[in-house]
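Written below as structure tokens is the structure these notes are about.
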Amino acid sequence: MAAFPFGDLSLLLAIPVIGAMLLLLIPRQKSKAHFTCALLFTSLAFLWSLNILNQFDGGKGEMQLVERVPWMRFYGIEYLVGIDGISLFLVLLTTFLMPIAILASWSVKDKIKEYLFFMLILETGMLGAFVALDLFLFYVFWEVMLIPMYFLIGVWGGPRRIYAAVKFVLYTMAGSLLMLVAIIYLATRHAQLTQVLTFDLLQLYDLHLPFHEQAWLFLAFALSFAIKVPVFPFHTWLPDAHVEAPTAGSVILAAILLKLGTYGFVRFAIPLFPAAALAAAPVIIALAVVGIIYGALVAMMQADIKKLVAYSSVSHLGFVMLGLFVFNLQGVQGGIYQMLNHGLSTGALFLLVGMIYDRRHTRMIEDFGGLWKQLPVFSALLLLVTFSSIGLPGLNGFVGEFLILLGAFAVTPGWTAAAATGMILSAIYMLWMFRRVIFGPLTKPENQKLKDLDRREILILAPVVALIIFMGVYPQPFLSRVKPSVDLTLKRVFAVQGMPTAVNTTAGGETKNDGR
Amino acid sequence: MVPLEYYLILSAVIFAIGVIGVLVRRNLIVVLMSIELMLNAVNLTFIAFSRYLGSMQGQVIVFFVMAVAAAEAVIGLAIVISVFRHRRSLDPQEMQLLKW
Amino acid sequence: MVATTQAVATVDLLRWMPLIPLLASLINMFFGARLGRKTAGGLACAAVLASFAIALYVFWLLPATGMFRDTVYTWIESGSFQVKLSFQVDALTAVMLLVVTGIGFLIHIYSLGYMGHDEGMVRFFVYLNLFIFFMLLLVMGDNLLVLFIGWEGVGLCSYLLIGFWYHDHANTIAGNKAFIVNRIGDFGFVLGILLLITELGRQGIWTLNFMELQQHVNLLSPEKITLITLLLFVGAAGKSAQIPLFVWLPDAMAGPTPVSALIHAATMVTAGAYMTARLHFLFVLAPETLSLIATIGAATAFFAATVALTQTDIKRVLAYSTVSQLGYMFVAIGIGAFSAAIFHLFTHAFFKACLFLGSGSVIHALDGEQDMRKMGGLKAYLPTTYWTYVIATLAIAGAPFTAGFFSKDSIIWQAYSSPLGSTELWFIGWVTAGLTAFYMFRQLFLVFHGECRADEHVKAHIHESPAVMTVPLVVLAAGSIFAGWLGAPEYLWGSLWDQWLQPIFGGVHEAAHGSLTDEINLTLLTLAIGGLGFLFAYFAYGRASKLPDRLASLAGGGPYRLLLHKYYIDELYDVLIVRPFTYCSRWLAQVFDPGVIDGLVNGVAKAARGFSLIWREVQTGNVQHYLAGFLAATLALLAYFLKQQ
């Protein structure tokens with residue numbers, strides 16, 4: 001009897017889809033039932049992902065819970081999924097934030113059924129992209145994510161939603177089309193060299209192409225991911241998408257979708273084409289640091305809070321890119337940790353902005369002022385999240401930022417020093433915004449009758465805030481599980497024959513410590 | 001025997017007249033008639049070659065062409081009638097709804 | 001020269017010192033409204049008292065050359081880089097602990113009275129306890145990163161407390177300024193840490209732990225040590241308000257007076273001096289940095305004192321005075337006299353806190369008035385405040401046998417005699433001592449003597465502060481005298497202080513030049529200039545006199561205005577830094593990003609649209625045109641294939 005080939009990861013992918021199908025069956029009027037169904041299935045997905053966490057062996061760097069089912073045998077395409085230390089926490093982040101995003105969508109009144117349907121499909125798309133190990137499968141999930149996001153922005157968004165949605169889709173798709181070409185080229189080249197036609201990532205890792213081939217392929221992949229991250233100067237879709245998206249859409253977009261870009265770099269672009277990655281590193285590091293500073297400077301002068309946070313994302317993800325491309329343990333570990341941190345902090349920021357928007361239907365800083373008096377809980381939470389974003393030690397942002405700076409400093413002290421100015425700049429723009437919104441006299445009459453956070457809103461924010469503090473105080477459970485996979489990835493980068501290492505001395509690589 | 005070229009030239013001229021008619025005339029029925037002209041010119045060519053090469057294949061094809069021409073004329077005229085009922089005009093220049 | 005210390009683990013007790021105030025802060029944060037103001041305030045004070053009790057106990061138990069350690073858990077571990085949340089208490093830390101918790105406790109008690117009627121009182125104590133927590137992390141951390149947690153944490157609390165009365169934007173702007181200027185310092189600090197750990201890492205040592213750093217410090221090259229110490233000093237300059245990063249401290253006076261006393265006089269601002277002293281083994285290997293530190297310290301001390309001469313806000317005078325005294329501490333550090341620097345930190349905590357709390361008492365009595373021109377004659381109304389203020393003023397001015405006398409003198413003498421010292425340094429220190437005496441007594445006379453210049457309705461309500469506020473004043477005043485007796489010069493009864501810190505800093509430098517007679521002579525000179533300052537103040541302000549006005553209008557009033565406006569430094573920074581920065585940011589956000597970068601993106605879309613507009617002309621809707629197209633294409637293909645034949 002053939003063993004059932006689908007396992008825990010497939011179930012994880014299936015749960016939101018099943019929820020989406022069931023959701024369609026519920027009649028249109030019963031919006032309470034819609035919410036319950038969506039919440040139920042996203043919570044189930046989260047609990048199941050906790051089960052996967054439990055099964056995960058934190059000491060191993062290789063792919064775990066691998067499932068392999070032939071799909072299109074003729075083309076060498078399989079349904080191949082697996083999870084390792086790098087994708088584990090990204091999957092958890094996704095399943096953790098989805099129920100919160102659903103709860104945050106309470107204020108959506110119109111066409112809620114379709115809205116929740118798209119959210120669930122989006123969840124599967126994102127989860128699939130994180131666990132897919134077959135390049136074709138990965139591409140499918142990558143594109144699958146775009147459609148629900150397009151609808152979420154385009155139907156339930158703000159005044160310029162059509163422009164923002166179209167810009168988002170076209171910009172991202174333009175990059176990913178090149179990636180598709182590269183994927184097909186890669187598979188066929190592998191077939192030419194080894195007589196085996198496959199899209200299996202793990203086999204393609206072992207393909208060592210000459211440098212000029214690698215370079216073009218790397219560029220194709222990198223462009224697609226660079227648009228997603230977004231790396232300066234490919235960032236201009238992000239402010240528009242964020243501003244026009246509905247609250248939950250922004251949360252998911254910032255917290256998870258952007259991480260797919262950085263994840264793509266660390267999973268695909270770097271280990272598949274190590275020589276090209278090493279050669280491109282100086283340019284990418286430069287762009288990352290420019291992004292850090294540029295994002296911060298532009299964020300400062302924004303009048304719309306959401307746009308400010310959007311540009312702050314550009315700045316923060318510049319740090320992540322810096323960490324990833326210095327190719328040492330601290331840098332990459334810090335980069336991955338910062339991906340998680342950014343997801344939580346920026347997700348929380350968007351949740352908070354959404355809450356204030358629900359009350360006042362404006363996000364302009366000048367419309368606020370003196371909110372601490374009326375909304376003390378809101379203000380306190382915003383304070384905490386602000387300082388997490390700024391990188392106050394004791395909260396999550398500092399751990400990732402410091403590890404990145406540490407890793408980067410060993411490789412390129414000059415650019416690292418420039419990146420560190422981000423510490424000052426982020427404090428400037430965040431605190432200025434905070435002061436204008438929260439402090440000062442409560443002058444505007446519209447603000448004087450506002451209610452503070454209700455139970456649902458505190459329920460949404462509490463887990464995120466708790467994690468922000470926990471990850472700042474006790475990062476070891478995360479860092480230790482990420483480490484073996486990062487070691488493995490770095491081994492792949494430096495295993496290429498005769499390639500000069502960009503790094504001189506770093507802490508990391510072979511250590512006696514096992515993942516704990 | 002009449003030389004082949006005579007038939008071919010005649011056929012070409014008839015075809016050309018048909019083409020010009022299709023492209024230039026401003027009455028849909030005349031356009032359809034021009035299409036018939038083109039088809040018949042081609043028929044003539046086939047028959048000429050069939051006679052000249054001694055093969056029946058040419059004449060067989062003519063049957064196909066005539067059948068298709070008949071079918072096409074029927075449908076074409078049906079469309080023309082329908083269009084005329086809507087627009088009271090048979091001028092192709094006036095039917096530009098698919099213009100950009 | 002450094003004696004070795006052996007670590008003796010204390011069972012978990014150390015961690016409770018910061019933990020208890022943290023818990024109290026959290027309890028007050030979540031339940032404070034329910035507990036009510038009295039209980040919340042009492043809880044906060046009790047928490048700090050508990051920490052102080054533990055600190056005393058630890059101090060009593062601590063052997064002379066010993067160290068206590070408490071490792072809580074491993075915070076970050078990434079490959080060979082490992083940071084533990086771990087505390088250590090040696091002689092230096094013990095002193096700091098006593099200052100932080102002891103004076104912190106007194107100020108907490110004082111705040112019960114000062115903030116008693118403030119509707120945000122509970123929030124105040126939440127922040128204040130949180131501050132104690134972070135400050136204790138700072139002084140007890142056994143590695144640079146734990147110190148840094150405390151370092152930034154106290155910055156957070158300072159930000160929150162300066163902007164405590166947030167209804168007024170001026171206060172929160174000051175809070176922002178404090179945090180951001182501190183962050184600029186922290187930028188240097190972080191780079192210093194990174195350079196330190198990377199350089200040691202190249203030699204295979206991955207640590208930021210102080211003991212281990214001290215063991216391996218000779219693995220670093222002198223150039224690297226100089227660079228590292230310079231960067232670390234940038235951080236210290238930010239936190240301890242030295243030139244050029246001092247501008248936040250005077251504005252920080254926007255916070256409630258207990259905050260000014262605790263954070264901006266006694267503890268947080270001294271963190272820079274503490275950090276440098278903690279890393280003394282690094283700094284002594286970098287003579288250029290030390291020389292820079294001494295120069296900046298001296299310049300800051302002098303410069304701030306000159307500004308203090310003209311200020312009219314009672315707290316501003318004290319703020320600039322603090323900057324000036326911090327300058328003295330850095331002069332001491334710069335000449336390698338770490339023990340003297342910490343000694344001055346210690347005594348300064350007493351008399352400066354006393355002065356600030358005293359000024360708070362005055363402000364409280366005058367219903368919020370802070371302008372000294374509207375004070376005067378308060379001696380009669382506020383006797384306890386007055387006498388404690390006198391004692392503290394005597395201390396800061398260096399009157400004989402007060403705390404300030406011993407600590408300041410130690411620095412001034414070593415500035416002259418130490419191998420790293422110089423006559424120039426001594427001279428600036430000496431002149432500044434005179435200025436200090438002058439502006440402090442000026443303040444004393446303006447506030448407490450003469451006619452009361454307050455408004456009528458204010459005058460009617462002047463009352464001495466309650467015991468909750470006056471008892472801490474008395475305790476601090478006592479400290480302002482006796483705390484200094486721990487560090488007398490050799491020709492008197494010797495310095496218990498230097499002995500206590502000797503295992504850490506390794507004893508005072510032998511005097512490079514100057515003998516005992518010189519020492520006594522210089523002390524007398526210092527007393528003389530102090531006395532001169534006092535007399536000058538007395539004649540100008542102690543009795544009705546035209547002297548202040550005549551001085552102010554000297555040389556057309558220019559120098560006076562220059563000092564009054566603090567050398568226009570804030571305006572200078574605004575023009576040189578803030579404005580170009582804002583302009584650049586605005587240009588990027590409003591012109592460059594939407595116009596150029598997004599313009600390119602939208603330009604692609606526009607180009608596509610443009611092409612489309614042209615190409616669509618082909619679709620005329622006219623079937624005959626399409627058929628013509630068919631014909632043309634067919635003919636072209638025909639011609640092509642025929643050509644091929």
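Every chain is numbered from 1, with letters handed out A, B, ... down the list of sequences. Just so we're clear, the structure is a prediction, and the values are computed from it rather than from any experiment.
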Q: Return the option, out of L600(C), V190(C), I184(C), N176(C), with the maximum number of heavy-atom pairs under 4.5 Å with chain A.
A: N176(C)
Q: Identify the two heavy atoms, one from D598(C) and one from Y163(A), that lie closest to each other, and give their separation to 0.1 Å.
A: OD2-OH, 4.0 Å
Q: Examine whether an atom of L425(A) lies under 4.5 Å from a heavy atom of chain C, and if so say whether it belongs to the side chain, the backbone or both; otherwise answer neither.
A: side chain
Q: Verify side chain to side chain contact (heavy atoms under 4.5 Å, CB included) between F581(C) and M300(A), making sure each step is shown before the conclusion.
A: CA-CA 11 Å; F581(C) 180 73; M300(A) 207 166 78; 3.5 Å; yes
Q: Answer yes or no: is there a side-chain heavy-atom contact under 4.5 Å between N602(C) and T236(A)?
A: no
Q.
Can a donor-acceptor pair be found, under 3.5 Å and without considering hydrogens, that links the side chain of R183(C) to the backbone of M423(A)?
A. yes
Q.
So, taking the atom named CG in L383(A) and the one named CG in L160(C), what distance separates them when rounded to the nearest 0.5 Å?
A. 5.5 Å
(Q) So which residue, L479(A), L392(A), L170(A), ends up with the most heavy-atom pairs under 4.5 Å with chain C? (A) L392(A)
Q: Please state whether the side chain, the backbone, both or neither of I390(A) comes within less than 4.5 Å of a heavy atom of chain C.
A: both
Q) What part of F179(C) is in contact with chain A, defined as an atom under 4.5 angstrom from a non-hydrogen atom: side chain, backbone, both or neither? A) side chain
**Q.** L442(A) side chain reached by H167(C) side chain, heavy atoms, under 4.5 Å
**A.** no
Q. Picking from R435(A), R436(A), K167(A), which has the most non-hydrogen pairs under 4.5 angstrom with chain C?
A. R435(A)
Q.
Between L85(C) and chain A, with a heavy-atom cut-off of 4.5 Å, which part of the residue counts as in contact: side chain, backbone, both or neither?
A. neither
Q: Could you check which of F409(A), F234(A), Y311(A) has the highest count of heavy-atom pairs closer than 4.5 Å to chain C?
A: F409(A)
Q | Between L156(C), D168(C), N171(C), the one whose heavy-atom pairs under 4.5 Å with chain A are most numerous | A | L156(C)
Q. Based on non-hydrogen pairs under 4.5 Å, which of A589(C), G163(C), G204(C), G120(C) is most in contact with chain A?
A. A589(C)
Q | Distance, nearest 0.5 Å, that separates OG of S78(C) from CG of L406(A) | A | 7.5 Å
Q: Specify whether F402(A) and F81(C) have parallel, tilted or perpendicular ring planes, treating 30° as the upper limit for parallel and 60° as the lower limit for perpendicular.
A: tilted
Q: Mind checking the CD1-OG spacing from I293(A) to S585(C)? Nearest 0.5 Å is all I need.
A: 12.5 Å
Q) Hey, which of V83(C), L145(C), N182(C) has the most heavy atom pairs under 4.5 Å with chain A? A) L145(C)
Q.
Let's go through V601(C) and W237(A) carefully: what are the C-alpha distance in whole Å and the side-chain angles of both, what is the deciding distance for side chain to side chain contact (heavy atoms under 4.5 Å, CB included) to 0.1 Å, and is it a yes or a no?
A. CA-CA 9 Å; V601(C) 173; W237(A) 62 270; over 6 Å; no
Q. Where does L137(C) contact chain A at under 4.5 Å (heavy atoms): side chain, backbone, both or neither?
A. neither
Q) Are side-chain heavy atoms of E152(C) and F387(A) found at a separation under 4.5 Å? A) no
Q) Using 30° and 60° as the class limits, which term best fits the ring planes of Y474(A) and Y73(C): parallel, tilted or perpendicular? A) perpendicular
Q. Most heavy-atom pairs under 4.5 angstrom with chain A, which of L194(C), V181(C), I149(C)?
A. L194(C)
Q: Look at D593(C) together with K307(A) and state whether they make a salt bridge at an N to O cut-off of under 4.0 Å.
A: no
Q) Relative to the ring of W75(C), is the ring of F398(A) parallel (under 30°), tilted (30 to 60°) or perpendicular (over 60°)? A) parallel
Q: Answer whether the closest heavy-atom distance between the side chains of V298(A) and F592(C) falls below 4.5 Å.
A: no
Q. Given that the side chain runs from C-beta out, which part of I173(C) has a heavy atom under 4.5 Å from chain A: side chain, backbone, both or neither?
A. both
(Q) Please rank V486(A), T421(A), V399(A), V473(A) by heavy-atom pairs under 4.5 Å with chain C and give me the top one. (A) V473(A)
**Q.** Engaged part of L403(A) at the chain C interface, taking heavy atoms whose separation is under 4.5 Å
**A.** side chain
(Q) If you count heavy-atom pairs within less than 4.5 Å of chain C, which of G370(A), G422(A), G394(A), A417(A) leads? (A) A417(A)
**Q.** Region of L588(C) in contact with chain A, defined by heavy-atom distances below 4.5 Å
**A.** both
Q. Are R123(C) and P376(A) close enough that some pair of their side-chain heavy atoms sits under 4.5 Å apart?
A. no
Q.
So for S379(A), is it side chain, backbone, both, or neither that comes closer than 4.5 Å to the heavy atoms of chain C?
A. neither
Q. Given a strict heavy-atom distance threshold of 4.5 Å, which part of Y429(A) is in contact with chain C: side chain, backbone, both, or neither?
A. neither
Q.
With a 4.5 Å cut-off on side-chain heavy atoms, are I597(C) and F232(A) touching?
A. yes
Q. Measuring heavy-atom distances to chain C, does L431(A) have an atom under 4.5 Å in its side chain, in its backbone, in both, or in neither?
A. both
Q. Could you give the distance from CG (D186(C)) to CD1 (I424(A)), rounded to the nearest 0.5 Å?
A. 8.5 Å
Q | For P441(A) against H169(C), the heavy-atom pair lying closest together | A | CD-CD2, 3.7 Å
**Q.** Which atoms of V482(A) approach chain C - backbone, side chain, both or neither, heavy atom under 4.5 Å
**A.** neither
**Q.** Check against side chain to side chain contact (heavy atoms under 4.5 Å, CB included), T172(C) and I438(A)
**A.** CA-CA 10 Å; T172(C) 52; I438(A) 300 289; over 6 Å; no
Q. Quick check: does any side chain N or O of Q476(A) sit under 3.5 Å from a backbone N or O of E77(C), one acting as donor and the other as acceptor?
A. yes
Q: Tell me, for E119(C) versus chain A, whether the close heavy atoms (under 4.5 Å) come from the side chain, the backbone, both or neither.
A: side chain
Q. Which word best sums up how the rings of F439(A) and Y159(C) line up, parallel for under 30°, tilted for 30 to 60°, or perpendicular for over 60°?
A. tilted
